[in-house]
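First comes the structure, then the notes that go with it.
To find a chain, count down the sequence lines: A is the first, B the second, and so on, and within it residues start at 1.
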Amino acid sequence: MPAWGSIPGFHRVLKRDSFYYSRLLQCHSSPKSVARIHAQIIATGHGHNPFLASKLVSRYTDLGGRGIDDARRVFDRAPQRDILLWNVMIRSYANSGPQTEAIILYCHLRRTSVRPNCYTYPFVIKACAALGDENEGRAVHADAVRAGLDSDLFVSNALVAFYAKCCEIETARNLFDEIPVKDLVSWNSMIAGYSQNDCAYEAIALLHQMLREDVVTKPDRVTIAALLPACAALAAVQEGMWAHSYVIKTGMEMDARLGSGLVSMYANCGRLDTAQELFERVREPNLILYNSIIRAYGMHGHAKEAVVIFSKMLEMGIEPDGICFICALSACSHAGMVHEGFEIFEMMDSYGVEKGQVHYACMVDLLGRAGQLRRAVEFIGRMPVDPGGDVWGALLGACRIYNDIELAEEAAKKLFLLDPENAGRYAALAKMYEDVGRWEDAARVRKALRDRGVRKPLGCSMVEVDTEVHTFGVEDESHPMTAEIYVVLEQLQKLVVEDEIAAIG
DNA sequence: AACATGTACG
């Protein structure tokens, strides 16, 4: 702009119509120049032009921060609003928040004579998904049906993602199946939906359906990133390695999104070394990638490494979040690093991260596993918030290790009140009674458990051998090779004990 | 002017 202005007579050749300002906005992105062009638009009498208002709304929103407020001022002052202007303003709120504003604007729009079009619905539905507002989303869906736009591919894809986000995974699948010609986003939305709803098997099955049935649509980095949590959940190392090889084969850059998914997948499949190699390969690491690798070390008992990499992350200036502290604290607790755990716990305040139930539970677990049950109880007593099921559950787990039945009863009593549907914890108490021969008490707990009806499945480990997935639960004797497995398990336990003795001596 | 992606205690 300054360069053009310096050409003599330029302003006479160039007509300063709305297209001129539109182009001008296209090539200027700093807050100052956007504001200056905005002033010019008003000064030259183009302020009433809804097309320019749309451009300004988009531009201001792109600036980030408080830019969206400037965008809203442009929208509010526009003397006339066409559907484009409504759409870009709704889009701004859907993407940058507050998403409730997107919905409020849509409601205003419905009361005008301007008709929403096939661009409007994806924006509004996205806002509903971000808020998890199921009722509003259903209403918008109904509007789209009435407007005859629900068969639009973008609207359908947005609805699939929305219902998946609201845990209506079957509704999502039904809509997905209705899409006659699916595109990459259709497949990605549905695969991601399954992954996020703990339907790991379905996610992987759908990928295979995509590869089999849709010859034109090829998986991209979004497909892979959505698939990886499913591979991790099933410890499906074959599928996970296929995903990894696909990344390499198609020359995808190893960004933090793919990296964190792959790190977690390999860690869950027991391949810590591969997870570590992958972590180092990511050029621009971010918080989530660090969280993944810290958890990976922690879950494999390498707490020292987990803490080292946690410190390295802080040195790099990456701000930790609540999840990051959960990963670091649990690493400490599995390795008995009580002192380090408390240091990290105290750091939460200085980083402005709020301490949640899970963090307190980690600390109880840390003390409890280390055998400091009294200190754990004191810690619970000093908590500034009411201890929840997570906290009592951690204490109960520790009582189980150290056979403190009285304290276990106390913790279990609280758990019955707070978290009556969690079967695994009562099973732990019942097992303790059985260990000391208090069969009647054990039977009483198991009966109470049955009476409550809902039985959450117990946790289990999995391992994939060739093409078969084997699962193992606590006290599980259902596997055809149970006898052999327990022989090996006993050998391992002997090795661990010898190792511990060697470490002490 | 459009919809889809990663990390979480026991």
Side-chain angles (χ1 to χ4, degrees), chain A residues 51 54-55 57-58 61 82-92 94-95 117-126 129 152-162 164-165 179 183-193 195-196 219-229 232 255-265 267 282 286-296 298-299 320-331 333-334 356-366 368-369 388-398 400 419 422 424-425 428 459:
Chain A
F51 176 70
S54 308
K55 285 274 170 209
V57 166
S58 303
T61 305
D82 58 7
I83 188 59
L84 174 62
L85 181 53
W86 281 99
N87 285 347
V88 295
M89 194 67 240
I90 292 171
R91 181 191 59 172
S92 297
N95 291 334
N117 64 10
C118 59
Y119 290 88
T120 318
Y121 293 104
F123 299 142
V124 185
I125 294 162
K126 187 180 180 177
D152 178 90
L153 183 60
F154 283 81
V155 176
S156 303
N157 289 345
L159 284 168
V160 167
F162 162 76
K165 179 75 200 306
I179 302 174
D183 71 352
L184 183 59
V185 177
S186 316
W187 291 103
N188 288 352
S189 304
M190 198 61 230
I191 291 170
S195 261
Q196 292 157 355
D220 70 346
R221 61 197 312 112
V222 179
T223 322
I224 302 300
L227 180 78
L228 285 169
D255 66 357
R257 278 198 129 97
L258 285 175
S260 53
L262 284 166
V263 164
S264 293
M265 182 276 293
V282 180
N286 65 5
L287 171 64
I288 294 174
L289 180 68
Y290 269 98
N291 288 354
S292 305
I293 194 73
I294 291 167
R295 174 173 171 272
M299 73 191 286
D321 66 353
I323 294 171
C324 189
F325 280 102
I326 293 169
C327 297
L329 290 173
S330 83
S333 99
H334 287 283
Q357 280 292 333
V358 177
H359 299 105
Y360 291 107
C362 284
M363 297 310 286
V364 172
D365 189 62
L366 176 74
R369 272 179 203 271
D390 293 320
V391 171
W392 293 114
L395 186 66
L396 180 61
R400 169 99 166 86
D419 192 7
N422 198 323
R425 286 162 180 166

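Between B:dA1, B:dC3, B:dT7, one nucleotide has an atom nearer to the side chain of A:D321 than all others, and that is B:dT7. Across B:dC9, B:dA2, B:dA4, the shortest atom-to-atom separation from the side chain of A:D152 is found for B:dA2. When the nucleotides B:dC3, B:dG6, B:dA1 are ranked by their closest atom to the side chain of A:N157, B:dC3 comes out on top. The side chain of A:N87 approaches B:dA1 more closely than any other nucleotide in the set B:dC3, B:dA1, B:dA4. Checking B:dT7, B:dC9, B:dA2 against every side-chain atom of A:N291, the shortest atom distance belongs to B:dT7. Distances were taken from every side-chain heavy atom of A:C327 (C-beta onward) to each of B:dA8, B:dG6, B:dA2; the shortest belongs to B:dA8. Considering only the side chain of A:P229, B:dT7 comes nearest among B:dC9, B:dT7, B:dC3. The listed nucleotides are B:dG6, B:dA2, B:dA8; the one nearest the side chain of A:Y119 is B:dA2. The listed nucleotides are B:dT7, B:dA2, B:dA4; the one nearest the side chain of A:A192 is B:dA4. For A:I326, the listed nucleotide lying nearest its side chain is B:dC9; candidates were B:dA2, B:dC9, B:dA4.
Look at A:K126 and you'll find a side-chain N or O under 4.0 angstrom from OP1 or OP2 of B:dA4. Taking only side-chain nitrogens and oxygens, A:Q196 never comes nearer than 4.0 Å to OP1 or OP2 of B:dA4.
Within the 4.0 angstrom heavy-atom criterion, only backbone atoms of the sugar-phosphate kind lie near A:S189; the bases stay farther away. The residue A:R257 sits close to a base: some heavy atom pair falls under 4.0 Å. Backbone-only contact: A:F123 has heavy atoms under 4.0 Å from sugar-phosphate atoms and none from a base. Among the heavy atoms of the strands lying under 4.0 Å from A:R295 are primed sugar atoms or P, OP1, OP2 only; no base atom is included.
In this model, a donor atom of one side chain and an acceptor atom of the other lie less than 3.5 Å apart for A:R91 and A:S58. Side-chain atoms of A:S92 and A:T61 form a donor-acceptor pair, as typed in the model, at a separation below 3.5 Å.
To the nearest 0.5 angstrom, A:D183 atom CG is 4.5 Å from A:L153 atom CG.
With sequence neighbours excluded, the residues forming a side chain to side chain donor-acceptor pair (under 3.5 Å) with A:D220 are A:N188, A:T223, listed by chain and number.
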- Message: Could you walk me through whether A:S333 and A:D365 satisfy the side chain to side chain donor-acceptor pair (under 3.5 Å) test, starting with their C-alpha distance in whole Å, then the side-chain angles of each, then the deciding distance to 0.1 Å, before giving a yes or no?
- Response: CA-CA 6 Å; A:S333 99; A:D365 189 62; 2.7 Å; yes
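Taking atom CZ on A:R369 and atom P on B:dC9, their separation rounds to 11 Å, with Å as the unit. Rounding to whole angstrom units, CG of residue A:L287 and P of B:dG6 are separated by 15 Å.
Stacking between A:F154 and B:dA2 is shown: the ring centroid lies under 5.5 Å from the centre of the six-membered base ring, and the planes differ by under 30°.
Between the side chain of A:N286 and the base of B:dG6 there is at least one donor-acceptor pair of N/O atoms closer than 3.5 Å.
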